[in-house]
Structures are given as structure tokens and as C-alpha cells.
Amino acid sequence: MMPEELTELAHKEQTDAQQWQHQIHVCTATGCLSAQSDQVYTALTREVRDRGMDKTCRVKGVGCLGLCSAGPLVQVNPAGTLYQHVQVDDVPELVQSLKHSPVERLVCSTDIPFFQQQVKIVLANAGNIDPERIEEYLAVDGYQGLLQAVTEMTPSEVISEVIHSGLRGRGGAGYPTGLKWTTVAKADSHQKYVICNADEGDPGAFMDRNILESDPHCIIEGMAIAGYAVGATQGYIYVRSEYPLAIKRLRNALRRAERLGVIGNNIFESAFRFQIDVRLGAGAFVCGEETALIASIEGRRGNPRPRPPYPAEAGLWGQPTLINNVETLANIPAILRNGGGWFATIGSSQSTGTKVFALTGKVNHGGLIEVPMGMSLRSIVFDIGGGIPNELAFKAMQTGGPSGGCIPETHLDMPTEYETLNQIGSIMGSGGIIIMDETSSMVDVARFYMEFCQDESCGKCVPCRVGTAQLATLLTKIAEGMATPEDLILLEELCDVVKHTSLCGLGQSAPNPVLSTLRFFRHEYLAHIRQ
Amino acid sequence: MSRLSQQVVTLKIDGRDVGARSNETILEVAHENDINIPSLCSVEGLSVVGSCRLCLVEVRGTSELVSACSTYVREGMDIVTHSERLSHYRQTILSLFFSERNHLCAVCVSNNHCELQGQAQALGLSHVEVAYRYPQLPVDASHERFVIDHNRCILCTRCVRVCDEIERAHTWDVAGRGVQALVITDLNEPWGSSETCTSCGKCVQVCPTGALFEKGKAVAEMSRRRRFLPYLAKTKEKSS
Amino acid sequence: MKTDIARIPPPSDDKRWRIIDTTMRRYGYDSHCLIETLHSVQEAFGSLDDQAMHYISATLGVPLSQIYGVATFYHLFTLKPREAHHTCVICVGTSCHIKGGATILSAIEKTFRVKAGQTTADGTLYLQTARCLGSCGLAPVVVLNEETLSKANQNNVIQRIQEIIRHDA
Ligand SMILES: Cc1cc2nc3c(=O)[nH]c(=O)nc-3n(C[C@H](O)[C@H](O)[C@H](O)COP(=O)(O)O)c2cc1C
Ligand code: SF4
């Protein structure tokens, strides 16, 4: 494809979009779909047609509108009116109202902090474009970042831009992305790979799924840019098989991108070629760990192996491999379009940019949010989340899923940054945040995560295989009021051993939920102990 | 890569200066210098898995422990193989091994020839603090010459590796995961009816415990021959 | 593409084997497509039986025990076909757990005398748990056959199951 064609297509789509008087956006991401938003979509389409309004009003399925707890969500543009809990029965009234004022009883105010305090880079297109049409992605400057990289920049200039942005891995550990790219770029090999880690397995996390469902092309573009920068020609997206819609949209997007020639051979008339294949997981949390993920793509059991060598040196089929998380890659097109310097001005100095969180649990406004790094945890819970329902008191905020910890009220004024969260015994993690109120038992939460880790342990190394099982047994004993003070000592000792001797990140972080609840809610454990 | 170019490096192990090639692991260099690092999963001549975690050592200047079997030596490394912390960790890991299944040494064919038992003695493990899990696992005696008793298996995967890497039969593999994992033959069929097993007995020879043994052995009679391994591994390297 | 393996015929003339063949061909009969192949068997036949695993082993040149190892490592694959009329999946992900998923689970277990991962004695209901269905905003979530019940509670789930079962009778 020629660079001019890209601009032309984008322009045409922008002009076409202006002809509509009204555009009704219906959220068709998994959250709203499980509240039957597909039926609302069909009913709206029919209603608009039956009223003969289909020349001026377009109904379109879009990605996540954010406030999942109020689904199904519908937004009427250009007015921007957001409707919540829309049912099929509401449809006639809704379409009727296009001619005059909005249906008050369904309106969801967008004047609340949930919407006002978010900053959208990764989710900029979510809820605005139809993820199934590549033209709409082009109309919002899609593939311009890739165009710029391939036609105007050298690979090392692309990497400098990423280094300059300060972007860090959003998969959990926060490793500097530019540094990882440099390592892979420097590795000496004819064949290199780029892998997008979309195995999102933390219970309570659905950021990556929504990005894939809402804006699949930005991942494809991000991967292609990464491929150009590190010298790879083949990419793989490893997606959880539990995400059928994300897989469908991704495959569809890949076909469109191939047909248009933004991936494939001679991209933008250059010598650069890049191919992407989708690989499915099959229900194993540990496959999010990079060496296990590689084993799984190679068709084997998802057992991690000791590192070094790191995948950047010897990864897929022994070749240098770049592995990045979905959200990490989703930031790349914007960084290329606007420059690393622009990105670095958002967020805080050590943690730049934004972070997408899946905010759930006992909070008034749950859903998918994107906030600038550095925002205080309190703002996330009380401003964006709108506080705790039923006038109950806040107790803890869980971040990082089974590898993270529980943060009590006293630490809520901390900024959301990789380092500060580590200091208080939790981690940024991939972005699941679960809010707990005073009725939640912290021992129960710790046990829940330990049982998860026990179930998900690959079984390769003994501290994790047997250690998590022993810890789960101890926690059950405590929860059931059968434990002695010695059991509590044993619990702490075992946590220390499992954390420091396990082979991979799963085992090494499995004790975190226990350690952090012990640190901040020890009294709850003691209350359960038989004296 | 540097690993292939085999530079000579010097490093310290337990305060001693030693010389090594850069393509050697910490475990190999330690053994060459008669420094004992405990380990259960590694066997000379087979691929490295790093799963028993007993060979973890400290590297001065870093906070993380590394497994000696899978870490290559580097110039200037300063390694500590024995410390109070390491010995506490190793003892607990052994306790976890013992608690996982049923290791009743007194009635085991491998009593006094068992590597797990040997490590426990060497590391001074006096009692197991964690609760025994005592799963009821099957014993498969369908093979005409050998028996597998899952109750004694520590999932070191030596049998899986020797069968695949040396005998090239790949009769064994691991099924399931986590604490549910078991070594199996073919499609989890009785060993005796395996279509792929050549009855070479290598798996039995490498087994560190009393999980795999020859029929007809009584308590404490099962000793192992495994000097053949490095030799076979070399011939395999040459032929491929 | 591997040429050294003589192609063996499928185990039966069931048309579904063509889907499996297509998958393996798409990846050039390379052993690394084992998981993709197992996916396609699971989708076409509902489970992975010995016959299928023998066929894949012979076609891809992957040892039997390795296939069994992979098939039992990943939770999505099942070796035994499930024979229940209705499936009830209860999300026990964190959000659902916090909001009462576990209570619903134990209530169903008690009412229908079945444990998670099992089918009732009369074969009407298969009860399953899931580690997060990704609908946390609507927690707790229960999926009954194809129907999603969001913000569920034990009473309405049990009632709905009873309705469905009664409908059969
Ligand atoms: C047990 C375990 C599970 C993980 N799961 C995921 C996951 O679901 N998604 C992800 O992107 N990273 C996951 N990671 C982190 C990855 O191993 C890896 O660090 C990450 O994909 C690197 O990408 P990034 O640098 O862009 O963050 C997991 C790590 C461990 C140890
Ligand atoms: S820590 Fe757990 S998941 Fe990781 S290798 Fe060990 S057993 Fe497997």
C-alpha cells in the first residue's frame, strides 16, 4: 500500500462520518454483551430503519464505554448523551427522543469524576470506533505511527522515541520498554520474534480483553512498529481462549490489515515485512509468564524455565524474542504519532503515561478506567469509583491479583506508581483493582488467592507445587478457627521460603497476598487463632 | 554468543578462587572443585530443568538466589553455597518433598540408597514441620521387569528426560499440573502395555528415590548404576 | 513442511476429522501446532479421546505421553465427554467471590446435591466454576447454558435452574 492511499482512505472515512446527524454507539464489549447489549443493538437498528431514519442516523457497535457496572451502555453522538441500563423496551422511546430532548430516566451523567478525571491514550478509541471496521481506525490517525516509523525513521530512532517516552511494561513488572527493545534489537540473529502477551489471567482483570475488543488495530500497529524497531518479521499474539470475542475481532482485524497491506510484505513500499499470527491459550494462568508462554506457543506444556537466558536473548525457538503486554503495545502508536516527549509529560517522573485499570468489587462506579500515573489511590476509589456502596466503610484495595497485595485506608494517599506500590507490599500488576468493604474478611481473601495459585501452579518446582498447597491448607485451618499460634509462625516461614526459592514469578509472588494482609490486617488473623 | 566462545573466567566460590570456562554452570564448577552443592533433579548428561531448588546459591551483590545447575559462571562472580539462610531454605524444601507423598523409608526398596534420604541426612533435617499430605497413589506393577510407585515419586523428571533424550523413546511424560501432577507412560496406560517402552531400564537407573525399581528387590536392595549416562550423552552428541 | 511422515488415514470416516486435518495442514504438520490441533478436536468432538490422541501422535510425530501431558496440563481440554443436559458455570473470580459467588456455589451444591466439576446423579445438571468470566462489573455472574445471569443471588439462580429442569420434564 502506498502512503498516500492511507491518507486518502482516512480522509474519505472522516467525510463520510460527517453526513450522519446522529450516531448511536452501542457498547458491544463483553461486559455489556453479558447484559444483552446485542439485543439492544438489533432493536435500535430495526427501530431506526422502521422509522425511515437510516439515512441520517447510524447505529454502530463500539468497544467498551467504560462504566461496565451500568451496562448495557448506549451513547448518542454528537450530543454525547450517555444512557445506562438500556433495555430493548426502552428502544422506541430512545429513538423517538433523537428529535427532541434526551430520555431523562436513562441518562447517565458524564459530569461525574468517573468520566471527568480520566485521561485516555490507550482507550482513546474505545467506545468511539467500530472495532470491526479498519476505516474507522484510519480516520482517527490509525497506522500513521507505523507509516512514520517505516518511512521516516531508522529502527534506532524509533527505539529512542520509546526510551524517551519512559514507557514501562504494563504486564506487571514495569520493566522499561525501550530498554527491552534495545536488547532485542542488539541481539545478533536473522530471525527474531515479537510476541504480544494477551493471556490476561488475573481474576478480576479485563483491561487487555477490552482493549482487544475495542481497538484491535492499535495492537497490530504497535506490534508492527515493535517489529520494525527490533528487526523482527514475525509476530504472535497469544490470547486466552476464554476471550472468544477478542479473538474474533483480532482475527478479523488482522485480515483487514493484511488486505490493506499495512502488515505483510513491503509495508508502505519499503523493504520491511511483518506477519502476525494468533495463538490460543488453553486455560493456564502460568502461561502469562514469558518462558511458559513461549513453551505453549511451541506446543508444549506451559512450564517456565529458569532465566537467564532471557527471551530477549533466547526465546521462541531459541531466537531473540520481544515479549510485551497488550497495553504496553497499545501505547506505542500514540508515542510514535505524538513523540516520546509528549508521553513523558503525562503521569509522574518515574512512571510516565497512563494506566488502565479494571475497577471492581464494592465500589459505586465499577468498570474500565484509564488514569494518569501518579493519581492517588484515594482518588481512584472515591472520586473515580464514587466510593463504597450501602454506606459501608472502605477496608482495602487489592491490586496485582494473586501476585499483589491489599492496601489499607492509611496508605490511600500514595500515588499510583510502580515503586510506591512495591514499597507497601503490593504491585501495580496488570491493572485489576478490587475494592473491599468492612464486611470482607482478609483471611478469606488471602485464602482465595492461595487456592488460585495452588490450582494454577504448573507443578514443576517443589516450593510452589507443594508450598502453595501447604499454605492453602494452613489458611483454611486459620479461616475455620482451628489454627494454633504455631501455625501462624509456620505460615510466615513458608511464605518466606516459597517467595525466595520458587522458580518463576508465579511461585515467587504467590505469598504476596498473605504477606500484605498479615502486615496490615494481622489482627484479623489473630482473631481466628485458638489461644 | 559469549557462551560458545568459551572464555576462561575466574570467580570465587565460598571464598576460594577458582578458574572455569564461561560455558560451565556454577554446579559443574563447584563439583570440579570438590565443593558440594545439594541437588536432586540434575544428572550429568541430561538437560537442565532447575526444578528441585536445592542447588540455590547466593551471589554476592545481588539479592536473588540463583539455581547453580542452570546459571553459567561469569567473571568475578562471588558465590556462597552454604549459609544459615540457604540451609534453612534447603531443609524446608526437603520437608516439602517429604510431606508431598508417602516416604516411609523403613519399608522402601531404596532405603539407604535413596538420594532424598541422603540429602535429608546431609542437610540435617530432623523433623518435618509441615503437615503430611498422604495422597493415596497407585502402584503400577504391570511391566514384566519394573515397577512404578507414585507414592515415592518426587517429580524430578529424570526418567522423562533420560527416556526422551538418551533412549529416544519418550515413553514417559508428566500429566496434570500442580500437586496433581504424575509421571505417566504413553496415554496414561499401564506401563506393561506401553507400545513405546523398550524395557531398557534407564529410567529405573536414574530414579533418585524408590519410585522406580526392579521387580524382585526387597526392602533396601535397590541400588542404581548410572555411570553410563555421561558416556551415552556424549555418543548422542556426536551422532547428532 | 514435514515430508518424512507417511500420512495415516483418520480413525473413522466421520466428517469432522477433515476439520482436524485442515488445522494440521495449515501449520505444515509441524509438531508445534499440537495445541491448535487439540483445540480443533475439542471443538469438533467435545473432548479428546484416545483414538484422537493416537491419530494426532502418528500424524504430527509427537510422542503419545507428550500429547497426554499437554492435554492434561491445560484446563480447557477434557478427556472424557460430558453428558449433562444443562451446564451451570459459576464465576468464582475475585470480584464475584467478594460479591457472593461462593455463597451461590455452595447453595447450588447443596440444593442439587452436586459438587463443582461434577454432574448430578440423574445427569441433568453439570456444575462448573470459572476463574473470572471477565464480567466483573456485573458480579456475581452465573452462566446457565447460554444465558448469563448478572448480579445474581442464590435464590434467583436456583429458581432459574429449577425452571429449566421443569421445562424438560
Ligand atoms: C505467573 C505470571 C503470569 C503473568 N501473566 C501475565 C499476563 O497475563 N499478561 C501479561 O502481559 N503479562 C503477564 N506476566 C508478565 C510477563 O511474564 C511479562 O513480564 C510481560 O508480558 C512483559 O511485558 P511488558 O514488559 O510489556 O509488561 C505474568 C507473569 C507471571 C510470572
Ligand atoms: S513457581 Fe510454580 S508455576 Fe513457577 S515453575 Fe515453579 S511450580 Fe511452576
Who wins among A:V498, A:D455, A:L474, A:N303 for the most heavy-atom pairs under 4.5 Å with chain B?
-> A:D455

Interchain contact, A:T468 with chain B, by part (heavy-atom threshold 4.5 Å) = neither

Please flag which part of A:L494 lies under 4.5 Å from any non-hydrogen atom of chain B: side chain, backbone, both or neither.
-> side chain

Looking just at side-chain N and O atoms, do A:Y310 and A:E290 make a donor-acceptor pair shorter than 3.5 Å?
-> no

What orientation do A:H500 and B:Y89 show, parallel under 30°, tilted 30 to 60°, or perpendicular over 60°?
-> parallel

B:D173, B:L155, B:T71, B:T157: which one forms the most heavy-atom pairs within less than 4.5 Å of chain A?
-> B:L155

Proximity of A:F285 and A:F452 rings by center, below 6.0 Å = yes

Check whether B:L56 gets within reach of chain A through its side chain, its backbone, both or neither, counting any heavy atom under 4.5 Å.
-> side chain

Are side-chain heavy atoms of B:L212 and B:W172 found at a separation under 4.5 Å?
-> yes

Is B:T81 close to B:I13 at the side-chain level, that is, under 4.5 Å between some pair of heavy atoms?
-> yes

Best-contacting candidate, A:E456, A:R305, A:Q454, against chain B by heavy atom pairs under 4.5 angstrom = A:E456

Applying a strict 4.5 Å limit to non-hydrogen atoms, the region of A:L503 in contact with chain B is both

Which one of B:V130, B:L65, B:L54 has the most heavy-atom pairs closer than 4.5 Å to chain A?
-> B:V130

Under 4.5 Å from any heavy atom of chain A - which part of B:V49 | both

Find out whether A:V184 and A:K192 are in side-chain contact, i.e. whether some heavy atom of one side chain is under 4.5 Å from a heavy atom of the other.
-> yes

Is the shortest heavy-atom distance from the side chain of B:C207 to the side chain of B:C159 under 4.5 Å?
-> no

Chain A contact via B:V48 - which portion, at a heavy-atom distance below 4.5 Å | neither

Would you indicate whether the side-chain heavy atoms of B:S83 and B:E58 approach each other to under 4.5 Å?
-> yes

Where does A:D496 contact chain B at under 4.5 Å (heavy atoms): side chain, backbone, both or neither?
-> both

Of B:R85, B:R133, B:Q180, the largest count of non-hydrogen pairs under 4.5 angstrom with chain A goes to B:R133

For A:R301, is it the side chain, the backbone, both, or neither that has a heavy atom closer than 4.5 Å to a heavy atom of chain B?
-> side chain

With A:P485, which of A:L526, A:L490, A:I529 fulfils side-chain contact (heavy atoms from CB on, under 4.5 Å)?
-> A:I529

Quick one: are B:T25 and B:S70 in side-chain contact, heavy atoms under 4.5 Å?
-> no

If you tally heavy-atom pairs under 4.5 Å against chain B, which of A:C461, A:P304, A:A187 wins?
-> A:C461

Any idea which of B:C69, B:G176, B:G178, B:S63 has the most non-hydrogen atom pairs under 4.5 angstrom with chain A?
-> B:G178

Which of the residues A:G467, A:S457, A:G459, A:C464 is involved in the greatest number of heavy-atom pairs with chain B at under 4.5 angstrom?
-> A:S457

